[in-house]
Number of protein chains: 2
Amino acid sequence: MKKLSLKDVAQHVGVSTALVSYVLNGQAVEKQVNKDTAERIMAAIEELNYTPNQIAKSLKMRTTNTIGLVVADINYRFSTGITRAIESESKKRNYTVIYGSSNEDENKFSELIDVFVNRRVDGLILIPSENSQDQIRALQKSEIPFVLIDRIFPNIKTNYISLDNFKASYKATEYLIKLGHKRIAFINYKTTMFHLQERTRGFREALSDHKLTIAETLLPEILSANLAKDIQQAIDNVLHLQEPCDAIFFATDTLTIHGLKYLNKLKIKVPGDISVLSFDGSDAFELFYCPITHSKQPLEEMGKLAVNTLLDLVNHSKINMQISLDADIVIGNSCGESV
Amino acid sequence: MKKLSLKDVAQHVGVSTALVSYVLNGQAVEKQVNKDTAERIMAAIEELNYTPNQIAKSLKMRTTNTIGLVVADINYRFSTGITRAIESESKKRNYTVIYGSSNEDENKFSELIDVFVNRRVDGLILIPSENSQDQIRALQKSEIPFVLIDRIFPNIKTNYISLDNFKASYKATEYLIKLGHKRIAFINYKTTMFHLQERTRGFREALSDHKLTIAETLLPEILSANLAKDIQQAIDNVLHLQEPCDAIFFATDTLTIHGLKYLNKLKIKVPGDISVLSFDGSDAFELFYCPITHSKQPLEEMGKLAVNTLLDLVNHSKINMQISLDADIVIGNSCGESV
DNA sequence: ATAAAAAATTTAAACGTTTAAATTAAAATC
DNA sequence: GATTTTAATTTAAACGTTTAAATTTTTTAT
């Protein structure tokens, strides 16, 4: 059962390939194809069950109707959420997504982009890994459209859809403060990534705006290479200060998970002994005995906006979009809300 | 910065496109290209930073070096695990994966396959949704190679990589029995899917082989459309029999999660009040107070085998592979192990 | 020096589309 | 019925590769 070509259906109808192409692409009226002929062609397409060869089409049109998506790690809840949103929005717009995960490795990130560019994707949606500025700059020099999601580089002017991490963190911190917490620890990665630094900045500013002192001992930094141990160390430290802390705000869901595991191990009760607030939720929270209060990113919206922005760029609009969205706080019971 | 073509580098060197193509594809010696010329061409490729247009190449070669992957739902742990494995193995073999999620919808499943086929993927790796037999049969008639993972149709002879679900379930049940449990409930979906039915079969056979009576009341069936409520109902039922059950074996990780949430709510302690065994693990288990004993599928291996089998097929080997793998039991403490 | 053999290179068609331009057929106008 | 206008269709080049076959150049043998 050889795949048939447009030529085959043209021959079958007894007409040139041009006509078939016209009716196939809905240009029948525009190109003044005889109505009767058009119908015969349509019928033949149906009958022979012909589907055009996208590869040939792509070559001719110099566009592939394909979006390349690089996520930071497929195992992140953020990644699957955003991927789902991007995929469904792309499909609506008749685009296919090619997909890859950098696993937080800048080299793999670059490789994936190269592969996608060679495949002539029409555009890229990227969650860049740390230290990939050079790669992003190189991309800018090429003419291929791209938009960043989630993580951005403040020194590089690109199109992006991101959370207003500063604001989200500020608000979440404020939420803790208003519940009466005075000694709040903020556990974040030691990182050069802007979006995470912004979370720290938001935390600090909220404290100082509410006249709380910022104790550096309450701001431990975790090395992701040494995640589990560093978190245990950090928690031990903030719990054993002479003025111990009354709440911990974790800067990512992964940090929260590791933190809660350790608190479980120490038999420290949430929120009885200590309050916990998480940046981002996780399926893993579901089985914790106490619903974890967390700020929640609008993944659906981000994905949708990313696709729409990208496709605008693909269609040669000269827009320049820097979109920052707000997070919601999902209120659980881990900050002592019901007390 | 216009993308340059093979012709451009040919002109730059002052040579025909054929030669450039030969050295580009490592056929320099075979095609007796002058060593010096070959070097000049290489140099030019480097200098101009030329990369071939994969689209044009695909059109000519009638192969795209692309694999289409359809998973059942991107949010399943199984999906992300297998995707990761497939992606990394594909990359090793110089293939790109195009990817989509059917969200357990047979129509979306079909659509995705159509899109991929139109894109001329070289082959497909599929986790079929329920009721997609017709689609699979249709695929068989086309000449495109594919392999199923995880879920298979016993009445259709296809290449597949799957778990031996019967055996895995049998062994897991046996594990419970050997720990002394006598009244074991098995909570599964009401489904036509073979792999899940096999789990039930394994459970039943293990019981009868160990001379335990099979009480139908201990085998509730859950409608996935009514997941949360059905599970609560099911748990209520098996707990309030006159001879109540001493262990629950959940047939999937999702069922386990919902089950544990409800047990939490009822303040029923695991394993103190009841033992719990899960088919497949989940990140969500991490924060449960008790490590959940579960059988674990070899995702890495499955993904790798799927890619290798598929690529064998793509290369016209006439193999016929039905591979069934064994699961491991990851021992936690939820079946009363340490008592 | 010439013929034959081997090495190096080029030519040109093909993959399956799209589409501007050219051509032909039909209808309208005088 | 000749001319113009409009409608319908075809032609052919192009997209960027690959590769069999043809051609040219160089080397070897006589």
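What you see below is based on every heavy atom in this structure, not just the backbone, and it leaves out hydrogens, waters and symmetry mates. Below, chains carry the letters A, B, ... as their sequence lines are ordered, and counting in each starts from 1.
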List every contact pair, protein side and nucleotides 24-27 of chain D side both N or O, where the distance is under 3.5 Å.
none

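One interatomic measurement links the two molecules: CD of A:Glu30 to C1' of D:dA7, which rounds to 15 Å at whole-angstrom precision. The distance between atom CG of A:Leu59 and atom P of C:dC15, rounded to the nearest whole Å, is 14 Å. In this structure, the CD atom of A:Gln27 is 15 Å from the C1' atom of D:dT9, given to the nearest Å. Per the geometry, NZ belonging to B:Lys57 stands 8 Å off P belonging to D:dT19, to the nearest Å. Rounded to a whole Å, the CG atom of A:Leu24 is 16 Å from the P atom of D:dT9.
Remark: the B:Tyr95 side chain and the B:Glu87 side chain contain no N/O donor-acceptor pair separated by less than 3.5 Å. Using modelled atom types and a 3.5 Å distance limit, the side chains of B:Ser101 and A:Arg84 yield no donor-acceptor pair. A donor and an acceptor atom, one from each side chain of A:Ser132 and A:Glu106, are nowhere located under 3.5 Å apart.
DNA chain D is contacted by both B:Thr51 and B:Lys31; B:Thr51 maps to the nucleotide lying nearer its 5′ end (nearest heavy atom per residue). Along DNA chain C, the nucleotide nearest B:Thr17 and the nucleotide nearest A:Lys60 are compared for position; the residue whose nucleotide lies closer to the 5' end is B:Thr17. Of the two residues contacting DNA chain C, namely B:Met61 and A:Tyr22, the nearest-nucleotide position lying further toward the 5' end is that of B:Met61.
Using a cutoff of 4.0 Å between basic side-chain nitrogens and carboxylate oxygens, B:Glu46 and B:Arg40 are not scored as salt-bridged. The pair A:Arg151-A:Glu104 meets the salt-bridge criterion, since a charged nitrogen lies less than 4.0 angstrom from a carboxylate oxygen. Using a cut-off of 4.0 Å between Lys/Arg side-chain N and Asp/Glu carboxylate O, B:Glu111 and A:Lys91 are scored as salt-bridged.
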